[in-house]
Trainee: 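Shown below is the structure under consideration.
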Amino acid sequence: MKHHSQTIVLFAGTSEGRRLALHCAAEGRQVIVCVATEYGEQVLPEDENIRVHCGRMDEQEMHDFLRQEQMQPGTDQVLVIDATHPYAVLVSQTLKKVCGDCHVRYVRLLRESADAQIRDAHVHLVDTVAEAAELAEQMSGNIFLTTGSKELSTFVQAVTDRSRVYVRVLPSRESVELCEQAGIGGKQLICMQGPFSQELNQATYAHIDAKILVTKESGQPGGFADKLWAARARGMDCIVIRRPKEQGFTYGQVCTLLGLGAQPVWESAEHESENPCGGSGELLLIGIGMGTRAQMTQEAIRELERVPVIFGAKRMLEAVGTVGGEKVCEYRREQILSYLQEHPYLCRAAVVFSGDVGFYSGADGFEQQFVCGERQWQTRRIAGLSSVNYFAAKLGIAWQDVRLCSVHGRTNDLIGQIRRERRVFSLLNGRKQLQEIAQQLCDNGLPQVRLSVGCDLGYETEQIWTGTAQRLLNQEDAKDTYLCVALFENDAARQFTTGNLADAAYERGKVPLTKEEIRALALAKLRLTHDAVCYDIGAGTGGMTCDIARFLPQGSVTAFERGEEGCALIRANAKRQGLGNIGVVQGEAPECLDGSEIPTHAFIGGSGGRLREIVAWLLEKNPHIRIVIDAITLETISEANELLKTLSVKDVDIICASVAKARAVGGYELMESMNPVYIFSFTGAGDTQE
């Protein structure tokens with residue numbers, strides 16, 4: 001047993017008081033626990049580091065008790081921790097006065113407030129038991145009273161029909177005697193030890209046909225939220241007695257003060273009742289709307305009130321306010337898992353996100369199931385109000401035909417989307433990015449696209465601006481913001497009916513262009529998916545690059561070209577066609593391929609005599625990549641044919657395309673043949689040779 005010169009005297013009348021006693025004992029700290037009743041002593045487990053003093057003490061008895069502890073051999077300091085019930089105001093006042101007289105440090109352990117802050121016609125806040133009784137007397141139906149036995153007589157005296165009153169108290173002799181003295185007994189008396197789940201509360205209310213709940217704002221450990229939400233689910237009136245205001249320290253702050261480490265997982269009935277999930281855990285991913293309390297759903301509030309720890313970005317935690325337990329300013333997955341690892345006693349927590357967890361949310365970074373420490377965690381999503389719902393309602397429009405596209409921390413062909421779709425809604429990084437998009441719209445011949453921009457949605461500083469892309473560029477006094485949303489409306493929007501444009505649509509200079517018909521065949525062989533990441537190697541003027549980009553509204557294509565003129569032409573053609581999902585890299589393949597996103601597809605229009613090296617590099621990066629090669633020279637045709645025999649590929653297909661096009665000669669149309677092109681297409685076979 002460890003010995004400390006500091007004597008800890010804990011006045012424990014609550015579950016968190018017992019929890020602190022066990023925490024001290026687990027770390028070898030001796031603690032004297034003062035409880036008022038035999039029942040309070042019984043619920044404390046036996047431990048060599050816990051000494052129990054049972055019985056109520058008046059002011060003089062408290063004074064004598066502390067003086068006696070001060071005089072114990074080896075004691076340099078006595079520290080009193082007041083963990084009595086939040087409503088035991090007189091006890092706390094007396095204890096604080098005695099500590100001052102004895103020159104003993106007094107620390108008040110505050111119970112974390114549930115602070116549901118529900119304001120509707122069925123929740124009534126009062127300051128005293130007498131006020132609660134007067135209000136209940138004016139209502140009809142059975143009353144379920146959970147305020148304890150000490151002030152029961154005050155309540156009962158104000159109610160004309162006592163048969164309406166049902167009381168739940170602790171299963172102690174003192175509580176039962178006080179109820180009997182107040183005239184409450186038999187079926188009207190329920191003796192149980194909490195905390196109670198919402199389901200059990202609701203079943204109890206139904207059993208006695210309760211219409212009114214009278215309770216104190218007893219916080220998370222007192223099961224306040226479960227009592228309240230069970231009552232509201234039945235449509236009951238709830239009379240809530242406010243908690244007396246006081247100053248003190250949270251559980252975590254008291255542990256820091258005592259030098260205690262992470263709370264251990266003790267084997268006790270107390271711990272099991274507060275942590276019913278055993279070896280499993282639940283991490284709630286909760287959408288809280290625009291970031292203010294007004295947009296939070298009742299489900300979100302209810303769940304937040306029931307968790308001991310809430311993670312989130314600073315702005316999100318400010319929106320949550322005092323609801324629920326400890327707030328940890330962190331939203332990154334790895335850091336949250338690290339926190340759970342360091343606090344193994346936790347089996348329930350929540351992460352709050354703006355908007356809805358199903359709409360471009362950080363919640364996507366969390367698996368449905370994961371293991372952290374020795375606990376198996378399950379995630380559960382709680383829906384919130386998304387920015388698209390909110391903004392569409394503000395604008396007075398339906399959003400079922402709006403194309404959703406986010407460029408907040410991600411790459412997307414927003415300009416291409418706007419060109420194709422009549423209405424596009426997008427999440428943006430802020431004012432600077434909005435200005436850049438407006439500039440791109442003007443540069444790509446879309447200056448008259450209408451914009452509706454929302455900033456600080458849901459806040460008092462909310463702003464909604466409407467105008468054209470051109471007008472937005474001319475605004476110089478617009479407010480800067482970190483995050484905004486925008487609705488783009490393009491009445492001239494048109495869908496592309498083909499992936500190809502005519503050769504004449506491209507600027508060429510002296511750089512080769514893959515002919516339109518060959519591009520069509522190669523595109524068919526690529527088998528692109530809507531979100532593909534494609535490489536165009538040896539891109540020339542970017543004809544194939546642009547055709548691919550139009551097929552990828554949610555994907556991207558990177559053009560690799562060694563010539564400076566070619567790279568300039570690719571950029572010019574991309575800008576001319578309003579394609580924002582194209583990247584251009586100048587250099588020699590395969591060296592210039594490093595550093596780019598891993599491809600799902602690749603088109604090779606030119607290899608500079610290094611075809612085998614390029615294909616091998618692509619297969620190494622993605623063993624399942626889809627590759628199409630255009631070959632015109634005999635050397636390239638031979639090299640492509642040979643490498644297919646040695647590399648791990650499947651679905652091999654080789655075609656030779658010969659195209660003849662009509663050309664006017666005098667008054668006649670003459671068919672003129674183009675060079676035959678061999679198109680090799682195949683898919684990586686992964687780790688097995690097929």
Side-chain angles (χ1 to χ4, degrees), residues 11-15 17-18 34-44 52-58 61 84-91 94 126 128-196 200-218 221-224 226-227 230-231 236-241 269 273:
F11 283 77
T14 58
S15 59
R18 295 190 292 274
C34 299
V35 295
T37 64
E38 291 182 1
Y39 179 79
E41 182 178 14
Q42 291 169 4
V43 295
L44 277 170
V52 180
H53 177 280
C54 181
R56 300 187 187 281
M57 290 185 279
D58 58 23
E61 289 171 328
T84 58
H85 199 278
Y87 291 86
V89 179
L90 183 59
V91 175
T94 303
V126 297
T128 65
V129 171
E131 289 180 25
E134 291 175 7
L135 185 56
E137 172 67 9
Q138 300 170 22
M139 300 176 177
S140 60
N142 290 341
I143 303 167
F144 190 69
L145 189 67
T146 66
T147 57
S149 57
K150 294 178 184 177
E151 298 178 280
L152 178 60
S153 59
T154 301
F155 187 92
V156 171
Q157 288 172 10
V159 179
T160 304
D161 184 4
R162 294 186 181 181
S163 66
R164 298 169 55 204
V165 181
Y166 291 78
V167 181
R168 186 168 70 192
V169 296
L170 290 171
S172 67
R173 182 183 304 171
E174 180 183 12
S175 296
V176 174
E177 290 176 350
L178 288 172
C179 290
E180 290 176 345
Q181 292 171 14
I184 300 296
K187 68 177 184 179
Q188 291 176 260
L189 181 58
I190 303 171
C191 298
M192 296 177 69
Q193 166 69 36
F196 308 100
L200 180 56
N201 282 320
Q202 200 162 340
T204 306
Y205 302 158
H207 178 70
I208 66 173
D209 192 27
K211 303 297 183 185
I212 306 162
L213 169 68
V214 180
T215 186
K216 294 179 178 179
E217 198 284 275
S218 53
F224 171 71
D226 289 316
K227 287 186 286 187
M236 295 166 56
D237 279 293
C238 305
I239 301 174
V240 179
I241 302 171
S273 68

Trainee: Supply the atom-to-atom distance Arg56 CZ to Cys34 SG, rounded to the nearest 0.5 angstrom.
Mentor: 13.0 Å
Trainee: Do you know which two heavy atoms are closest between Ala132 and Val214, and how far apart they sit?
Mentor: CB-CG1, 4.0 Å
Trainee: Are Gln202 and His207 side-chain neighbours, meaning at least one heavy-atom pair lies under 4.5 Å?
Mentor: no
Trainee: Tell me, do Leu178 and Leu152 make a side-chain contact under 4.5 Å, heavy atoms counted?
Mentor: no
Trainee: Under the side-chain contact (heavy atoms from CB on, under 4.5 Å) criterion, do Leu170 and Cys191 qualify, and how do the steps go?
Mentor: CA-CA 5 Å; Leu170 290 171; Cys191 298; over 6 Å; no
Trainee: What are the two closest non-hydrogen atoms of Met57 and His53, and how far apart are they?
Mentor: SD-CE1, 3.7 Å
Trainee: Please check: side-chain N/O of Gln188 versus main-chain N/O of Arg162, any donor-acceptor pairing under 3.5 Å?
Mentor: yes
Trainee: Give, for atom CG of Leu145 and atom CD1 of Ile184, the distance between the pair rounded to the nearest 0.5 Å.
Mentor: 8.5 Å
Trainee: With rounding to the nearest 0.5 Å, note down the distance linking CG in Asn142 to OG in Ser163.
Mentor: 7.5 Å
Trainee: Are Thr37 and Cys54 packed together at the side-chain level, in the sense that at least one heavy-atom pair is separated by less than 4.5 angstrom?
Mentor: no
Trainee: Do Glu137 and Thr160 have side-chain heavy atoms sitting under 4.5 Å apart?
Mentor: yes
Trainee: With respect to Arg168, which candidate in Asn201, Thr204, Thr215 satisfies the side chain to side chain donor-acceptor pair (under 3.5 Å) definition?
Mentor: Asn201
Trainee: Can you check whether Pro171's main-chain N or O pairs, donor with acceptor, with Ser175's side chain at less than 3.5 Å?
Mentor: no
Trainee: State the CZ-OG1 distance between Phe155 and Thr128, to the nearest 0.5 angstrom.
Mentor: 11.0 Å
Trainee: Kindly indicate whether the side chain of Phe144, heavy atoms from C-beta on, has any atom under 4.5 Å from the side chain of Arg164.
Mentor: no
Trainee: Taking Glu134 for its side chain and Glu131 for its backbone only, find out whether a donor-acceptor pair lies under 3.5 Å.
Mentor: no
Trainee: Work out which heavy atom in Cys179 is nearest to a heavy atom in Val167; give both atom names and the distance.
Mentor: SG-CG1, 4.4 Å
Trainee: Below 4.5 Å, heavy atoms only, C-beta onward: do Met192 and Leu200 meet side chain to side chain?
Mentor: yes
Trainee: Using 0.5 Å steps for rounding, measure from the CE atom of Met139 to the CD1 atom of Ile239.
Mentor: 4.5 Å
Trainee: State, without any angle test, whether Glu174 and Ser149 hold a side-chain donor-acceptor pair at a distance under 3.5 Å.
Mentor: no
Trainee: Within the structure provided, determine whether Leu213 and Lys227 are in side-chain contact (heavy-atom separation under 4.5 Å).
Mentor: yes
Trainee: Got Lys187 and Tyr166 here, is their nearest side-chain heavy-atom distance under 4.5 Å?
Mentor: yes
